[in-house]
Amino acid sequence: MTAPASSTPLPTARRKSPGLRLATRPNLVIGGALVAFLLGIALVSLVWTPLPPTKMQIALKLKAPLEKGLFGTDHLGRDVASMLMAGAWNSLSIAVSAVALGAAVGTALGVTVAAKRGLFEAVAMRANDVIFAFPPILSAMMLGALMGTGRGTAIIAIATFMVPVFARVTAGAASQVWARDFILAARSAGKGVTRITIEHVLPNIANQIIVQVAIQLGLAILTEAGLSFLGLGMAPPAPTWGRMLADSQTYLGTAPWLALMPGLAIALTVFGFNMLGDGLRDLLDPREKGRT
Amino acid sequence: MSAAPLLSVENLDIAMRLPDGGRLPIVKDFSLTLQAGDTLGIVGESGSGKSLLSLAVMGLLPPAAIASGRILLEGRDLMALDDDGMSRVRGRRIGMIFQEPMTALNPAMTVGDQIAEGLVRHEKLSWKAAREAAVDLLDRVRIPDPRARAKAYPHQMSGGQRQRVGIAIAVAMRPALMIADEPTTALDVTVQAEVLEILDDLCAREGMALMLISHDLGVIARMCARTLVLYAGRRMEEGDTRGVLTEPLNPYTRGLLRAVPRRRVDGAPLDTIPGTVPGFARLPEGCVFSDRCGDVVAACRAGEPAWTQPRPNRGVRCIRAQQEMPA
Amino acid sequence: MTALLLRRSASLFLTLLAVSGLIFLVMQVLPGDPAAIMLGTSASPETLAALRHELGLDQPMLVRYLAWIGGLATGDLGTSTTYGVPVSGLIGERLAVTLPLALMAIGLSIAIALPLGVLSAARRNGPADYIAGFISQLFIAVPGFWVGLLLALVFAVKLGVMPSGGFPGWQTGFWPALQALVLPAIALALPQAGVLTRVTRSSVAEVLGEDFVRTARAKGLPKRAALWRHAVRNALVPVVTILGLQFTFLIAGAVLVENVFNLPGLGRLAYQALTQRDLVVMQDVVMFFAGLVILMNFLVDMSYLLLDPRLREAGR
């Protein structure tokens with residue numbers, strides 16, 4: 001009788017219409033809208049930008065916003081707005097590839113750990129700890145020193161770091177599924193471990209994976225920006241938000257807008273994915289609500 | 001009655017705020033008076049709102065609860081006090097013992113410090129003096145080797161010992177009123193008796209009034225001079241314990257008494273009250289007990305019966321109570 | 001407790017060994033011939049052979065690995081090919097920048113996150129909570145190195161009250177050196193503070209619902225005292241855990257921020273090693289960073305024993 005309020009069955013909340021349910025989830029709406037907007041920009045940049053993003057017009061260099069183009073021009077006279085659009089595609093494509101790769105490998109590892117347990121679990125989880133000790137920037141530097149920098153190196157470095165993250169989440173979630181009754185039923189029906197994993201475990205942990213994907217996408221965008229800031233991302237002249245920031249440093253006093261816009265673009269994208277992740281978590285995984 | 005009673009609760013209503021904006025009434029039309037040194041038992045099944053009642057007196061209702069009415073301690077309206085004012089009442093004038101000794105103590109603080117803490121804050125004792133007082137209090141709740149045990153953490157103690165620490169915390173500042181909310185429910189039967197004895201002893205020696213909340217009529221019969229029966233947030237019956245137990249006026253009280261396990265010569269099965277306590281959102285029309293009452297008549301469903309006082313010091317909420325009264 | 005310490009130390013040692021093995025594998029075995037990478041494609045066979053001999057690449061793999069970790073244990077990390085000085089000296093020199101920077105950032109992030117998170121939890125769903133939630137989301141979303149750029153823009157370029165970069169060295173005096181680290185430390189701290197605020201909020205909010213907080217209130221502690229003396233202390237375990245896990249990101253952030261502010265720290269050393277293809281320095285610095293992350297998580301593990309007395313008996 002410590003909590004009379006909770007021990008008393010309260011009237012069940014009236015079922016809300018889908019529209020109303022969405023309206024009461026501002027995270028999901030704001031995050032979803034932001035991500036959709038940026039995705040749209042990235043896709044449009046493939047077929048149209050105000051000017052070719054790599055076109056240099058030295059005569060028009062370092063023009064302020066609206067003086068030339070929406071967001072001005074950089075030190076080589078390139079149109080900042082066009083570069084931002086193309087940068088959106090470059091950032092998102094790297095982040096999405098890296099997270100997809102990391103999620104696939106990590107999830108495979110995680111569900112295998114949950115199915116096998118024992119020594120395999122001990123070894124795999126220790127290996128996770130080891131990998132987790134390498135920030136993506138460090139592994140990108142190591143890989144970059146060996147095989148050169150570029151899109152592939154960036155994707156592999158980010159994905160490597162994502163593997164233990166996804167492995168941990170899926171191993172935890174999958175172990176819980178394995179403990180449930182319907183797995184026992186499936187086992188007694190003679191289904192093998194692989195089939196049970198595919199037919200029963202994966203569908204039951206899909207929600208957690210989706211939530212994690214959204215959250216890690218934000219992190220991947222941040223990391224990609226850091227890598228390309230250091231010159232460890234896509235090779236020039238492909239515009240990236242990170243390199244735009246690196247280039248802006250020299251002109252901080254004379255052309256501060258060059259430092260402002262790419263940073264805002266990064267922050268907005270990360271913010272969008274984080275909000276989306278939070279919203280999805282509330283929607284799909286209510287047990288985790290409020291946890292970070 | 002010379003001065004104001006120690007505690008007087010007048011027309012207390014408590015409702016819970018619902019997520020959809022509505023309000024769910026839990027406690028309705030609740031009043032009681034308690035003189036200094038009195039012992040009052042409040043009995044009710046789980047979900048009857050009795051814990052909410054004790055938290056209301058402590059001013060510790062959960063944020064979702066809305067209370068109206070008056071709670072007067074020594075003539076002062078507690079509900080009008082702000083949190084700082086209420087903090088000076090809690091512990092010093094009213095002590096409280098909680099149900100779960102396993103969770104009611106801070107796991108990261110020694111029990112001695114948890115007892116001493118209130119003394120440091122309110123009695124302005126130094127930590128050294130307060131810790132000394134804590135050792136003394138542990139001794140009084142009959143913890144063996146109190147000086148060493150004062151340095152123990154809660155997880156190093158048994159449930160019964162922890163509940164004694166809980167009592168020591170509650171009596172540390174010699175409050176005038178002690179509220180005990182199911183103090184022995186979570187304990188083994190053998191430990192229950194000892195904890196009750198300690199509580200009884202301390203109340204008698206310090207002249208503390210006791211408000212004991214329990215679902216267990218046996219505990220209340222042993223500890224309290226007066227008994228109040230609560231059902232679905234309503235007072236059903238009140239009177240001196242002997243009277244309530246031997247001549248119950250409310251059919252609900254009779255049901256409770258029949259459900260108390262005791263030695264039976266005839267070996268007849270234990271009676272139970274049919275059904276379960278209804279959720280507060282699904283209370284029946286009229287008398288809240290009407291859907292489970294064996295003596296129900298049509299009039300019971302017509303409206304909620306008023307609180308009546310058929311005799312001095314005796315109250316009941318039942319339209320049939322007059323008929324049930326022996327002449 | 002001693003047994004627990006021993007067990008954890010053994011596990012720490014094994015993890016460090018595994019990490020060193022992985023780094024060695026990636027840096028020395030995968031590329032085939034590290035000397036070829038260091039010299040580039042235009043090197044003559046003679047210089048290549050000379051470098052191979054100098055690096056000990058003509059030795060068997062296992063001998064090279066053992067020599068390296070033996071050196072790690074004794075502090076002999078080899079000689080930098082570009083600087084021509086012992087790597088251990090280089091790391092020590094650079095650590096004098098990175099370590100104070102990291103400590104300042106951690107301190108600052110705690111100083112921001114703890115009050116903000118606790119306030120947020122104490123006023124759950126109130127305006128203060130929403131504002132704190134927005135601030136923490138903002139901190140998480142902005143890249144630290146961009147914050148560094150903006151800080152440099154405002155405080156160095158526009159206002160001229162702070163140095164925009166570079167490091168005068170501790171020998172020039174405590175204050176000028178410290179001043180050079182202030183803006184970088186803020187840039188490094190904000191993203192950390194964002195994550196930490198969220199964890200603090202949810203952890204404190206959870207503890208605030210515990211029975212013992214109500215007991216504390218029942219003995220007359222005002223809200224504030226119950227919050228800080230009882231709730232926060234018990235909410236610290238998840239906070240410290242995240243602090244440990246975030247250390248990885250702190251190091252990544254340090255690499256970037258040091259480059260923004262042109263600070264001669266370890267992160268910058270790693271970056272220079274990359275651009276100059278100095279694999280000896282690279283390998284040692286990566287090992288140093290990874291070791292630091294692992295050590296940090298070990299310390300976090302140990303700190304649980306201080307925070308939660310229940311765990312102290314577990315290993316006894």
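Each chain gets a letter, A, B and so on, in the order the sequences are listed, and its residues count up from 1.
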**Student:** Using a cut-off of under 4.5 Å on heavy-atom pairs, state which of Q114(B), M102(B), R93(B) scores highest against chain C.
**Tutor:** Q114(B)
**Student:** Measure R217(C) against the heavy atoms of chain B and call it side chain, backbone, both or neither at under 4.5 Å.
**Tutor:** both
**Student:** Going through the checks in order, is the side chain to side chain contact (heavy atoms under 4.5 Å, CB included) test met by L55(B) and R214(C)?
**Tutor:** CA-CA 10 Å; L55(B) 291 175; R214(C) 197 177 53 191; 3.8 Å; yes
**Student:** Relative to chain C, which of I169(B), L119(B), T110(B), L60(B) shows the most heavy atom pairs under 4.5 Å?
**Tutor:** L60(B)
**Student:** Stepwise, does the side chain to side chain contact (heavy atoms under 4.5 Å, CB included) test hold for R90(B) with K219(C)?
**Tutor:** CA-CA 6 Å; R90(B) 287 186 210 116; K219(C) 65 178 118 161; over 6 Å; no
**Student:** Give the intermediate values and the outcome of side chain to side chain contact (heavy atoms under 4.5 Å, CB included) for residues K223(C) and S87(B).
**Tutor:** CA-CA 9 Å; K223(C) 260 185 195 145; S87(B) 292; over 6 Å; no
**Student:** Distance-only, no hydrogens or angles: does the H122(B) side chain make a donor-acceptor pair with backbone N or O of G220(C) under 3.5 Å?
**Tutor:** yes
**Student:** Is D83(B) paired with R224(C) through a side-chain N to carboxylate O contact shorter than 4.0 Å?
**Tutor:** no
**Student:** On a heavy-atom basis, which atom in A225(C) and which in R121(B) lie closest, and how many Å separate them?
**Tutor:** CB-NH2, 3.4 Å
**Student:** Mark yes when over 12 heavy atoms from residues, nucleotides or ligands other than R147(B) sit less than 6.0 Å from its CZ; otherwise mark no.
**Tutor:** no
**Student:** In terms of heavy-atom proximity below 4.5 Å to chain C, should M86(B) be classed as side chain, backbone, both, or neither?
**Tutor:** neither
**Student:** Using a cut-off of under 4.5 Å for heavy-atom pairs, which of V207(C), V213(C), L221(C), D308(C) has the most such pairs with chain B?
**Tutor:** L221(C)
**Student:** Looking at every heavy atom in both A104(B) and D211(C), which two are closest together, and how far apart are they?
**Tutor:** CA-CB, 3.8 Å
**Student:** Does any backbone or side-chain atom of I179(B) lie under 4.5 Å from a heavy atom of chain C? Answer side chain, backbone, both or neither.
**Tutor:** neither
**Student:** If you count heavy-atom pairs under 4.5 Å between each of A108(B), P154(B), G118(B), G91(B) and chain C, which one has the most?
**Tutor:** A108(B)
**Student:** Calculate, to the nearest 0.5 Å, the distance between atoms OG1 and CD belonging to T215(C) and E117(B) respectively.
**Tutor:** 10.5 Å
**Student:** Can you list the residues of residues 247-257 of chain C that sit under 4.5 Å from chain B, counting heavy atoms only?
**Tutor:** none
**Student:** Atom CZ of R229(C) and atom CG of N106(B): how far apart are they, to the nearest 0.5 Å?
**Tutor:** 9.0 Å
